[in-house]
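The block underneath contains the structure these notes are about, expressed in structure tokens.
When reading the values below, keep in mind they use all heavy atoms of this one structure, side chains included, and skip hydrogens, waters and symmetry mates. Computed from a prediction, not measured in an experiment: that's the story for all the values here.
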Amino acid sequence: MTENSEPGLWPSEQSDGHTPVDETTSNSARARRYVDASLPPAKKDIARFWSKVVKSPTCWYWVGAISAPDGYGRFNYQRKNRQRTVLAHRFSVELTHGLLDEGVVCEHKCNEPLCVRVGPKHLVESTYAENVRFAIAMGRLSGHTLLDGSGRARYDRSVAIREALRYGYDEKALFRAKTDPGPGQSTLF
């Protein structure tokens, strides 16, 4: 970040490697849209991002789009013919630290895939190898299966949490969403 940039925005950079997303069709005059990983967000994009966050006393939960099978939040913004889709937690870290290098990943120390709170107990910059080691140690990764630590698919858990927080923070609904074993799995007692 430079001294002249506004908080939450990184310096505007021109992308030299655009990837076309939507080609023009023979019957329309649609312009091409390009994926631009360096597209800086506008203030309205940042406001829209935070409108999809529900803050609890611990984690700040993303309640927007969720991708399968990983259960992470996704955030998309565009300007003119350029667009960027980014992991919600990565976007949050970039608002704090600026654009991250390609080899940098964001590690959830809180073990909550929907958390977008930046800090040593929540989201930190890390390496892929360290992130995988941490996920295995916490029981979140078993072979190629993404689990929530109790055997439930992480995507299912993330969707349940999003639905529980649809109307704002509700401690009881959040607890049920986190602990419900999912359809087809009954509890022992």
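Contact detail for Val118 and Thr96: the closest heavy-atom pair is CG2-OG1, 3.8 Å. The two residues His89 and Cys106 come nearest to each other via the heavy atoms CD2-CB, 3.6 Å. Minimum heavy-atom separation, Ala173 to Ala164: O-CB, 3.4 Å.
Partner Val105 forms a side chain to side chain contact (heavy atoms under 4.5 Å, CB included) with one of Leu87, Asn131, Thr127 and no other, that one being Asn131. With respect to Phe49, the ring pair (Phe, Tyr, Trp, His ring centres under 6.0 Å) criterion is satisfied by exactly one of Trp62, Tyr77, Trp60: Trp62.
Both Val159 and Val54 belong to a common hydrophobic cluster when Ile, Leu, Val, Met, Phe, Trp and Tyr are linked at side-chain heavy-atom distances under 4.5 angstrom. Hydrophobic clustering places Ile46 together with Val116 (ILVMFWY residues linked when any side-chain heavy atoms are closer than 4.5 Å, directly or through intermediates). Cluster annotation: Leu165 and Tyr155 are assigned to the same hydrophobic cluster (Ile/Leu/Val/Met/Phe/Trp/Tyr, side-chain heavy-atom contacts under 4.5 Å, transitive). Using a 4.5 Å cut-off between side-chain heavy atoms of Ile, Leu, Val, Met, Phe, Trp and Tyr, with links allowed through other members, Leu95 and Phe75 fall into the same hydrophobic cluster.
Rounded to the nearest 0.5 Å, atoms CG (Asn111) and CZ (Arg154) are 10.0 Å apart. Taking NZ of Lys178 as the start and OG of Ser158 as the end, the distance is 11.0 Å to the nearest 0.5 Å. Interatomic distance, CZ of Arg176 versus CD1 of Ile161, reported as 13.0 Å (0.5 Å rounding). How far CG of Asp36 is from CZ of Arg79: 9.0 Å, rounded to the nearest 0.5 Å. Between the CG atom in Leu174 and the CG atom in Asp170 there is a gap of 8.0 Å [rounded to 0.5 Å]. Atom CD of Glu107 is separated from atom NE2 of His122 by 13.5 Å, given to the nearest 0.5 angstrom.
No side-chain heavy atom of Cys59 sits less than 4.5 Å from a side-chain heavy atom of Arg117. In this structure, the side chains of Trp50 and Ser92 come closer than 4.5 Å at one or more pairs of heavy atoms. Proximity of Tyr61 to Ser56: side-chain heavy atoms (C-beta onward) are separated by under 4.5 Å at one or more points. Phe91 has its side chain within reach of Pro41: a pair of non-hydrogen atoms, C-beta onward, lies under 4.5 Å apart. Using a 4.5 Å cut-off on side-chain heavy atoms (C-beta onward), Val63 and Val53 make no contact. Between Arg157 and Glu112, the closest side-chain pair of non-hydrogen atoms falls below 4.5 Å. Side-chain contact between Asn81 and Arg32 is absent, with no heavy atoms from C-beta onward closer than 4.5 Å. At a threshold of 4.5 Å between non-hydrogen side-chain atoms, the residues Leu99 and Pro40 do not count as touching.
For the pair Arg48 (side chain) and Asn76 (backbone), a donor-acceptor distance under 3.5 Å is present.
Residues Gln78 and Arg33 have side chains that bring a donor and an acceptor to within less than 3.5 angstrom of each other. A donor-acceptor pair shorter than 3.5 Å cannot be found between the side chains of Arg74 and Thr85.
By the 6.0 Å and 45° rule, Arg90 does not stack over the aromatic ring of Tyr72. Cation-pi contact between Lys109 and Phe134: present, with separation from the ring centre below 6.0 Å and deviation from the ring axis of at most 45°.
For OH of Tyr169, the number of neighbouring non-hydrogen atoms (other residues, nucleotides, ligands) closer than 6.0 Å is greater than 12.
Classification of Glu94 and Arg84 as a salt-bridged pair holds, one side-chain N sitting under 4.0 Å from a carboxylate O.
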